[in-house]
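The block underneath contains the structure these notes are about, expressed in structure tokens.
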Amino acid sequence: MNSSRYRPGNFILEIAAILLAIVFLSPFYLVLSNSVKGLKDILIDAASWPQVFHWSNYSKVWDAINFPQAFFNSLTITILSVIFIVLFSSMAAYQIVRKPTRFNSFVFLLLVSAMIIPFQSLMLQLVRVTSLLELRGELYGIVACYLGFGMPLSVFLFHGFIKTVPLELEEAARVDGSNPYGVFFRIVFPLLLPIIVTVIILNTLWIWNDYLLPVLVIGGNKDLTTLPVAVTKFFGQYTKKWDLALAGLVMAITPILLFFLSLQRYIVEGVTAGSIKG
Amino acid sequence: MRKTLRMQRGWGQQIVFLGPCLLFFLTIVVTPFFLGFYYSSTDWNGLDLDKAVWTGAANWKRIFMNDDKFWESLVFTLRFTVISVVAANVLALLLAFILMTTLKTKKLLRTVFFMPNVIGGILLGYIWQFIFTKGFATIGELTGISFFQLPWLGTPSTGFWGLVIVFVWQTAGYMMVIYIAGLAGIPKDLIEAARIDGARAPQLFKSVYIPLIMPAITICLFLTTSNAFKMFDLNLSLTKGGPGTSTQSLAYNIYAEALINNRYGLGTAKALLFFAAVSLITVTQVWLTKRKEVSA
């Protein structure tokens, strides 16, 4: 934007930006450093670096929230939902783009309009529908819910992308005798890779962090408790016991932070692409 | 014969490709949506899900005549939305401009500012509950700055500003990335031309940058407005609507009505109004900003 040389002005801006970044990061420092302190040390001075490391905070919380199980539940629900969202929404978008009948255009309009509906406006009736269909408290039940809620945005993103895929490629394959399913899965689907990455990332962040839907649909089935739900329950029981609460928080945010830091380029680009097209 | 075969194949393809998507979408989203119109006029609770008693206009009367908390939460939500949307977008735009200049730590900074966004609202709320109640108190003792010595989250106004601070902290980096994409799309020669014509920084900002990143502004305002208006997770974990009910957002008020007071029917009625409000606000906002979009 400005000239690409590094001038004194840039240096001052850089310092200002770094200071701001430190302010942005300071909550993480406070949470991390206090998570290995004893409760007394936290209450005396929350800003200092721990004198004595109480690693036992972590082992206590590990068992109290049954971390391995909550983590594994979140992982299973997220992975299963994302796989089927990608598959079903890309197929639907392909059909809508290539066969733009009046019915299919209407379906598309319906999906796009549904994006505006807030979750609160559906949740209570959803409890009724899911208990009627015996989806409540079941793994396939919550995955089914994520499939339903995930369709609008994902179909919309695939729709926008598939419109740019040239028809000639598919026609060539069809002349060679491929059936429509072969054309889609062998020719079209691999071409969708960039938007597949976007769809995977947006849905993963949403499902992994989601709180209210698991609470409502999983209900009393403790074997399916997800990480955000487990942490919330834990916080309800351990208010003011910050030593344990903070260790629990660190454990809960670590997986998603690692996911972000290892794939950050794709995530930042994917999220941007998703919102610019969406 | 051949024609029917082809038609059959067309139907088969329609069902295979569109069927699964429609099945889940209709069951999980469309059916509950339309059921909402029925349940909003019933007396219904969570303990007896299959017993809803039609009560006509009773829920609506109650909301409009006898539910101050609901309207207080609407006012709270509107105020929260306006303030946090402005604050988040101003900060995001500022960050985007800074990161568009030549900086050595540009990539690292982008990562840092974006990072809070990947953590869910529930966990962010708990993190900040600690920062506000214990972290701020310590900083206040060490520095003596009165800002940190306020009773954070303990009064309606510190609760309100606490929510604004966390929302902005969570959202600004995300919007920054969208603004950067918008700024990067402005042709360089256009800026040069404006410079040569003698445009100074404020003019350049107002008459060149802003009109040209209008599409990005539309998106960011849409995302922040709808997220702020629908704020729930953060509300639940940071203030639980308190002290009292002074920091209840609309979404939280609906949640509390249904899942704490166990009045599902009334909750559904409120949720229907909530849907109407969200649609009205976001559609108006997109319509207003879209009109201002120009092409370079």
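We use all heavy atoms of the structure for the numbers below, so side chains are in, but hydrogens, waters and symmetry mates are not. In what follows, every chain begins at residue 1, and chains take the letters A, B, ... in the order their sequences are listed.
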Worked check of side-chain hydrogen bond (donor to acceptor under 3.5 Å, both in side chains) between A/Arg128 and B/Tyr264: CA-CA 10 Å; A/Arg128 177 80 185 107; B/Tyr264 273 40; over 6 Å; no

For the atom pair [atom1] ([X]) and [atom2] ([Y]), what is the distance rounded to the nearest 0.5 Å?
| X | Y | atom1 | atom2 | result |
| --- | --- | --- | --- | --- |
| A/Leu147 | B/Thr27 | CG | OG1 | 10.5 Å |
| A/Gln120 | B/Tyr255 | CD | OH | 10.5 Å |
| A/Leu20 | B/Leu109 | CG | CG | 9.0 Å |
| B/Thr101 | A/Tyr6 | OG1 | OH | 8.5 Å |
| B/Leu124 | A/Ile253 | CG | CD1 | 8.5 Å |
| A/Gln95 | B/Leu22 | CD | CG | 10.5 Å |

Tell me which of these, [options], has more heavy-atom pairs under 4.5 Å with chain A than the rest.
| options | result |
| --- | --- |
| B/Leu94, B/Thr138, B/Leu95 | B/Thr138 |
| B/Val16, B/Ile98, B/Val278 | B/Val16 |
| B/Asp50, B/Thr31, B/Ile180 | B/Asp50 |
| B/Arg110, B/Gln129, B/Met115 | B/Met115 |
| B/Phe274, B/Tyr126, B/Tyr39, B/Phe24 | B/Tyr126 |

Side chain, backbone, both or neither of B/Leu123 within contact of chain A (heavy atoms, under 4.5 Å): both

Can you tell which part of [X] gets under 4.5 Å to a heavy atom of chain B, answering side chain, backbone, both or neither?
| X | answer |
| --- | --- |
| A/Leu205 | side chain |
| A/Leu216 | side chain |
| A/Val215 | neither |
| A/Val268 | both |
| A/Val107 | side chain |
| A/Phe24 | both |
| A/Phe149 | both |
| A/Asn34 | side chain |
| A/Leu249 | side chain |
| A/Leu111 | both |
| A/Thr232 | both |
| A/Leu110 | both |
| A/Phe184 | side chain |
| A/Phe11 | neither |

Atom CZ of A/Phe119 with >12 non-hydrogen neighbours under 6.0 angstrom: yes

Between [X] and [Y], is any pair of side-chain heavy atoms under 4.5 Å apart?
| X | Y | result |
| --- | --- | --- |
| A/Arg7 | B/Thr102 | no |
| B/Phe130 | A/Ile42 | yes |
| B/Leu272 | A/Ser121 | no |
| A/Val231 | B/Ile122 | no |
| B/Tyr174 | A/Thr272 | no |
| B/Val177 | A/Val271 | no |
| A/Leu122 | B/Phe275 | no |
| B/Lys106 | A/Glu14 | no |

Ring centres under 6.0 angstrom apart (A/Phe28, B/Trp169): yes

B/Phe232/A/Tyr211 aromatic ring centres below 6.0 Å: no

Winner by heavy-atom pair count (cut-off under 4.5 Å) against chain B, out of A/Cys145, A/Ala16, A/Ser26: A/Cys145

Options A/Ala21, A/Ser131, A/Gly9, ranked by heavy-atom pairs under 4.5 Å with chain B, top entry: A/Ala21

CA sep, side-chain torsions, deciding dist, call: B/Leu18, A/Tyr94, side-chain contact (heavy atoms from CB on, under 4.5 Å): CA-CA 9 Å; B/Leu18 206 56; A/Tyr94 176 71; over 6 Å; no

Shortest non-hydrogen contact from [X] to [Y]?
| X | Y | value |
| --- | --- | --- |
| B/Ile254 | A/Met123 | CG2-CE, 4.2 Å |
| A/Leu124 | B/Gly267 | CD1-C, 3.9 Å |
| A/Gly148 | B/Ile28 | CA-CB, 3.8 Å |
| B/Gly135 | A/Leu30 | CA-CD1, 4.3 Å |
| A/Val129 | B/Pro32 | CG2-CG, 4.2 Å |

Among A/Tyr181, A/Phe158, A/Phe88, the one residue meeting ring pair (Phe, Tyr, Trp, His ring centres under 6.0 Å) with B/Phe17: A/Tyr181

Any donor-acceptor N/O pair, A/Gln264 side chain to B/Thr111 backbone, under 3.5 Å: no

Distance-only side-chain donor-acceptor flag, B/Thr268 / A/Gln125, under 3.5 Å: no

